[in-house]
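Accompanying notes for the structure given below.
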2 protein chains.
Amino acid sequence: MSKINIKYLAKELNLSISTVSRALRDSHEISGETKKRVFDLAKRLNYQPNSNASGLRGQKTKMIAVVIPDMVNDFFSLVISGIEKVTQEKGYHILLHFTHGDHELEVSFINTLASGRVDGVLLSMSSEDNDSHHLAELNSSGIPLVLFDRVSECVSNVKVTSDNHESSVLATHHLIEAGCKKIAYLQVHKNIPVGKVRMNGYLEALQQYSAQKVPLVLECTNDNDETFELIQKMLVAEKPDGVFASVEKLAVVCYRVCEKMRLKIPDDIKIISFSNLHTAALLNPSLTTITQPAFDIGETAAKELFNIINKKNRTLAGDNNNVVLQSRLIKRRSTARY
Amino acid sequence: MSKINIKYLAKELNLSISTVSRALRDSHEISGETKKRVFDLAKRLNYQPNSNASGLRGQKTKMIAVVIPDMVNDFFSLVISGIEKVTQEKGYHILLHFTHGDHELEVSFINTLASGRVDGVLLSMSSEDNDSHHLAELNSSGIPLVLFDRVSECVSNVKVTSDNHESSVLATHHLIEAGCKKIAYLQVHKNIPVGKVRMNGYLEALQQYSAQKVPLVLECTNDNDETFELIQKMLVAEKPDGVFASVEKLAVVCYRVCEKMRLKIPDDIKIISFSNLHTAALLNPSLTTITQPAFDIGETAAKELFNIINKKNRTLAGDNNNVVLQSRLIKRRSTARY
DNA sequence: CTGTTAGCGCGTTCAA
DNA sequence: TTGAACGCGCTAACAG
């Protein structure tokens, strides 16, 4: 730890501590001459203010906490990139924490934050059906909180999400428009809440736009080999001409199954899938994807948070405090692009 | 910011501030009776110690900084996951910062850290050929530093890397063993240092194991469409039977070119590529990949850092302070796995 | 324009 | 076993 602090600078310059402090903050009540002497020495000695001290004094840490489940797919990487763009501009730093989907860990970390370690919190909840008592406590401590992606309706904070229901309707509709008569839905492991929302979109679109009377929902598992078998059996038995994968992992497995069964995409069967920007680029270009605006979600959530921190009026969130961003439908890419 | 501090607890319990402080730290000079009263109230009021205050007092922040270029591919996501595993265990937090490949940003942020904002720093440098004056200064401030992935030889800190040279030899050798007589190397944009190291491995393997006299190196660009054209021209003109892509992006483009040219993989042409665990799973299974141990790099680097922070003997780094982890060669995956 | 003083919350002397 | 007092480095109120 560097020993170069204001006291040291003051002694070197034969000035008082407060004069140096004011000079460094470019106060108008310090002469240009003195300011210059202080700045020069500070620069020469590479003086850096102690953030713990100024944080303690001024109740500002220039840090926000980002609490997410994990980074096993690139959704959250993109979100963080979006957040970082904003924090960079504001001169803030990111305190990163993973909950690994563990509600207890989330509670414990959120509680820690209530002590003023950060100026604000961005949270994607570990699970959506659990209690939000800890969030109420964070709120009562006065630290701004914005939720994103995995949110809870039990709490009145600003929430930034993408419209999974609408996107699913869109995706299903796209397959119907492309001529699919029998569309299967690949459901991710059932206790992931977003899976239900997306399935409802699929069901609604079928009712509204398709002649297909019975929905065809396949419950997949976390085991890829098992899922491979399940999908293969389903394709053989049901012979759908369209598949809607609720997460990209399932689309990839489905793609491999088609490969094995010598099914041509998109001639024999059409596949559409939720995906993220980076990984979507790696999928076979014949797969149409619904891409969540992950970067935008991060950027928007961070901006909303800073609006609250700086006590500006909230610009994007309406009365219900919800900002809903639209997903993007990316149709077949050209051969050259990927 | 929560108003529940030691002073408040002391008043509530009719104890002095220092008694409460000692009780909370489980000091042996406090009676069990008093401790229990303090603990109970602290728990009931959800007391959380102020990290700025204890940081200022004790020169310990329970935070480490992670400084990386960005998260545009999932290499660094995996690294961070590895780091987080260790910080979680140690009860530490991660302060995340992106340099976006900008050396000035790196210098400025490293300087900031010298003031004691964190207990240690993990750094992957923005560029490897630049000066490392700022690192010397960080070292002299006494804050532990461990470099990983993109390191500088100019500095004597512990470094954790994977062996790109050896991996490239391995990858090239794999193609040769598989019967390739003419192997092309797809070089990433030239001023990315790792590209040179990998190319040297390719060149060395050719000399050592192959009858191929002239290396076939294609300089690619950052523009995907342009690269697509370049690869196509090369494949038409040179007709290689093997391709070694220095980064996975190039492998994907090459794969698309082969698709367009109706070249069968691996019958007509074999492709091997550097890749990362997550994205490798999405690539066509007929691509063999060399996978960097990203998670391990993060985990190892973090462990080394904590060894220094806790002043233990360093276990992994030898005399030259280098820890080199091996990449993994992942051959053709079964159809079912991905 | 500059200096003196107080206090942010905590942990650790020293004193009782 | 407990309490009073000091200082970590910084900023702001008050004085001159």
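Residue numbers start from 1 in every chain, and the chains themselves are labelled A, B, ... in the order their sequence lines are given, proteins ahead of strands.
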Atom pair distance, as rounded to whole Å: CD1 in Ile17(A) and C1' in dA6(C): 13 Å
Identify each donor-acceptor pair in which a side-chain atom of residues 29-37 of chain A lies under 3.5 Å from a protein atom, sequence neighbours left out, and give them as a table.
from, atom 1, to, atom 2, distance (Å)
Ser31(A), OG, Thr34(A), N, 3.2
Ser31(A), OG, Thr34(A), OG1, 2.8
Lys35(A), NZ, Asp26(A), OD1, 3.1
Lys35(A), NZ, Ser27(A), O, 3.0
Lys36(A), NZ, Asp40(A), OD2, 2.8
Arg37(A), NH2, Leu13(A), O, 2.9

Go through residues 31-41 of chain A and report each residue with a non-hydrogen atom lying under 4.0 Å from DNA chain D, sorted by number. none
Are OP1 or OP2 of dG9(D) and a side-chain N or O of Asn5(A) less than 4.0 angstrom apart? yes
Euclidean distance, atom NZ of residue Lys7(A) to atom P of dG3(C) [Å, nearest integer]: 16 Å
Proximal nucleotide (of dC8(D), dG7(C), dG3(C)) relative to the Gln59(B) side chain: dC8(D)
Which residue, Ala53(B) or Ile30(A), contacts DNA chain C at a nucleotide closer to its 5' end, judged by nearest heavy atom? Ile30(A)
Parallel, tilted or perpendicular: which fits the ring planes of Phe76(A) and Phe148(A), with parallel below 30° and perpendicular above 60°? perpendicular
Full working for side chain to side chain donor-acceptor pair (under 3.5 Å) between Gln48(A) and Asn111(B): CA-CA 7 Å; Gln48(A) 299 293 146; Asn111(B) 281 339; 4.9 Å; no
Can you name the ring-ring contact (aromatic ring centres under 6.0 Å, His included) partners of Tyr47(B), sequence neighbours left out? none
Glu84(A) and His100(B): CA distance, side-chain angles, deciding distance, side chain to side chain donor-acceptor pair (under 3.5 Å) verdict: CA-CA 11 Å; Glu84(A) 195 269 348; His100(B) 300 290; 2.9 Å; yes
What pair of heavy atoms forms the shortest contact from Gln88(A) to Phe98(B), and how long is it? NE2-O, 4.0 Å
Of the listed dA4(D), dC8(D), dT11(D), the closest approach to the Ser16(B) side chain comes from dA4(D)
Under 3.5 Å donor-acceptor, Lys159(A) side chain and Val155(A) backbone: yes
For His28(A) and dA12(D), what is the distance between atoms NE2 and C1' respectively, to the nearest whole Å? 13 Å
With a 4.5 Å heavy-atom cut-off, do Val323(A) and Glu304(A) have their side chains touching? yes
Rounded to whole Å, how long is the line connecting atom OH of Tyr8(B) with atom P of dC8(C)? 16 Å
Heavy atoms, side chains only, cut-off 4.5 Å: are Gln59(B) and Asp119(B) in contact? no
Residue list, ring-ring contact (aromatic ring centres under 6.0 Å, His included) with His134(A), at least two apart or on another chain: His103(A)
Side-chain N,O (Tyr47(B)) to OP1/OP2 (dC10(C)) below 4.0 Å: yes
How close or far is atom P of dA12(D) from atom CG of Leu56(A), stated in whole angstroms? 13 Å
Students often mix this up, so state it plainly: with edges at 30° and 60°, are the rings of Phe306(B) and Tyr92(B) parallel, tilted or perpendicular? perpendicular
Look at the side-chain N and O atoms of Arg57(B) and state whether any lies under 4.0 Å from the OP1 or OP2 oxygen of dC8(C). no
Atom-to-atom span, CG of Leu9(B) to P of dG3(D) - whole angstrom: 14 Å
At 10 degrees resolution, what angle do the end axes of the helix from dC1(C)-dG16(D) to dA16(C)-dT1(D) form when each is taken over five base pairs? 50°
Can you tell if the side chain of Ile80(A) reaches within under 4.5 Å of the side chain of Met71(A), non-hydrogen atoms only? yes
How close or far is atom P of dG9(C) from atom CG of Asn50(A), stated in whole angstroms? 17 Å
At 4.0 Å (heavy atoms only), tell me whether Ser21(B) reaches a base, stays on the sugar-phosphate, or touches nothing. base
Identify the pairs formed between an N or O of the protein and an N or O of nucleotides 13-16 of chain D at a distance under 3.5 Å, and give each distance.
from, atom 1, to, atom 2, distance (Å)
dA13(D), N6, Arg22(A), NH1, 3.4

Regarding the side chain of Thr19(B), the nearest nucleotide among dG3(D), dC10(D), dG9(C) is dG3(D)
Return the value, rounded to whole Å, for the distance between atom CD1 of Ile6(B) and atom C1' of dG11(C). 8 Å
